[in-house]
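Below: the structure, in structure tokens.
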Amino acid sequence: MGNDHQKKKIIAVLDDLFFSSKIREAAKTLDIDLEFVKNPDGFKEKILSAIPSLIIFDLNSRAGNPLEVIKSIKSTGELRQIPVIGFLSHVQIELRKEADGAGCDLVIPRSRFSRELREILSKYSAPPTES
């Protein structure tokens, strides 16, 4: 299914300039192929053409409906296995429950996401290890 030595791709769905620049800088220093999506319309079709190793959602994005997009991804056979991380404000307990219910693999507060960004990107961009 393609070249095993190809760089892994991570997609970030967000419209927040602060987090966009933070993620871009971390990805650049780690030499990670990163793509930003500001509007998730037609997103599922787009990722079917080049399946990423991780999708990051700003659960507070004003563009589209992140929870609906996550549900759609997690209900599609080829996409179901893609790890999805969502970040939000630590006080948004109800949104956290909804994101878990939509299929988010990890829902974390913005502060933790910022603090662990390099580790998160490294983990999901690393080639699989041989057992």
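Just the heavy atoms: all of them, side chains too, but no hydrogens, waters or symmetry mates, feed the values below.
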Checklist entry - Can E68 and K71 be counted as an ion pair, charged N to O under 4.0 angstrom? => result yes

Checklist entry - With distance as the sole test, does D105 use its side chain to make a donor-acceptor pair with the main-chain N or O of I85 at under 3.5 Å? => result no

Item to check | Stepwise side chain to side chain contact (heavy atoms under 4.5 Å, CB included) check, L14 with I23 | outcome: CA-CA 10 Å; L14 58 124; I23 295 168; 3.7 Å; yes

Checklist entry - For the side-chain contact (heavy atoms from CB on, under 4.5 Å) test, which of L59, L67, I70 pairs with E98? => result L67

Checklist entry - Is there a side-chain contact between N60 and D16, using heavy atoms and a 4.5 Å cut-off? => result no

Checklist entry - Between the main-chain N or O of H90 and the side-chain N or O of R110, is there a donor-acceptor pair closer than 3.5 Å? => result no

Next on the checklist: For F113 and F87, take the angle between the two ring planes, folded into 0 to 90°, and tell me which bin it lands in: parallel under 30, tilted 30 to 60, perpendicular over 60.
Outcome noted: parallel

Checklist entry - Hey, does the side chain of S61 reach the backbone of D58 with a donor-acceptor pair shorter than 3.5 angstrom? => result no

Checklist entry - Do V13 and V69 touch side chain to side chain, with heavy atoms closer than 4.5 Å? => result no

Item to check | S53 (side chain) donor-acceptor with Y124 (main chain) under 3.5 angstrom | outcome: yes

Checklist entry - Rounded to the nearest 0.5 Å, how far apart are OG of S122 and CG of D31? => result 11.0 Å

Item to check | The single option from L34, L54, D33 passing side-chain contact (heavy atoms from CB on, under 4.5 Å) against K9 | outcome: D33

Item to check | Residues I10, I55; criterion side chain to side chain contact (heavy atoms under 4.5 Å, CB included); working and verdict | outcome: CA-CA 6 Å; I10 293 175; I55 303 173; over 6 Å; no

Next on the checklist: I'd like to know if I120 and F18 are part of one continuous hydrophobic network [Ile/Leu/Val/Met/Phe/Trp/Tyr, side-chain heavy atoms within less than 4.5 Å].
Outcome noted: yes

